[in-house]
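Presented below is the structure to which this report refers.
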Amino acid sequence: MESNTLDYFKRESDRELLRKRAEKLALKISDETDGLDKKSGARDYVFFRMGPNSYGFDASAVKEVMIPEEIVSVPCTPDFHLGLMSVRGHLWAVIDLCAFFRTGESIESENPGVILLADDESEFGVAVDEILGVISVSGDEIKSLPDGENRLASFCVGVTADRKTVLNGAALLREESFMVNEFVGSNRLS
């Protein structure tokens, strides 16, 4: 009985200690700090490397980042379709954006990482050499590129001061050429 009483007091003191620590470490939200967050308009971007260049997607378009065990190539698909991978029993198409954008570079890694992009209607993975991290960037820090006629320019939001290209993940998710709906041969099931 005495031991239970001591345990009770001990737990209460632990709770009090944890409550004091939480209060000490908690961020104080004042009108001043709240205004700074809204004023900066910073958003989180997932930055990655493909070949020698760095790119980023708005984190809201990124569902998951992973290194797949295997990407299986699929015959009769465009060159930018790297293949399919299984994620918890669900098949995802994996796209090589270097080939799609025709940058002249290629994925250097033999075992590339994959960024899964998804919205309500579409989903696919993008092969990358390296994940650089999630970084908050304000809209003011992203400079627009002049209009171009290549594919990269049509999916580019802008460039950061340290020369990372920010891509429009939502626009890529709507890209029709990523949808493959082709039959090979004449033996179709009816």
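Count residues from 1 along the sequence. Only this structure's heavy atoms are used, side chains among them; waters, hydrogens and symmetry mates stay out.
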Handout entry: Residues, nucleotides or ligands: over 12 heavy atoms within 6.0 Å of Arg163 CZ
Key = no
Problem - Test: Arg43 and Glu141 ion pair at under 4.0 Å - result: no
Exercise for the section: May I ask you to say whether Arg174 pairs ionically with Glu121, meaning some side-chain N is under 4.0 Å from a carboxylate O? Expected result: no
Taking [Y] as the starting point, is it possible to reach [X] by hopping between hydrophobic residues whose side chains are less than 4.5 Å apart?
X	Y	value
Met66	Phe124	no
Ile107	Phe178	yes
Tyr55	Val46	yes

Side chains of [X] and [Y]: is there a donor and an acceptor less than 3.5 Å apart?
X	Y	result
Ser138	Asp140	no
Asn111	Ser109	no
Ser136	Asp44	yes

Is [X] reaching over with its side chain to a backbone N or O of [Y], donor-acceptor style, under 3.5 angstrom?
X	Y	answer
Asp129	Gly51	yes
Asp58	Ala61	no
Ser122	Leu173	yes

Show me the donor-acceptor pairs, under 3.5 Å and distance only, between side chains in residues 91-102 and residues at least two apart or in other chains.
| from | atom 1 | to | atom 2 | distance (Å) |
| --- | --- | --- | --- | --- |
| Asp96 | OD1 | Cys98 | N | 3.0 |
| Asp96 | OD1 | Ala99 | N | 3.4 |

Problem - Side chain to side chain, Ile67 and Val114, heavy atoms closer than 4.5 Å - result: no
Exercise for the section: Taking the six-membered ring for Trp and the full ring for Phe, Tyr or His, determine whether the centres of Phe57 and Phe48 are under 6.0 Å apart. Expected result: yes
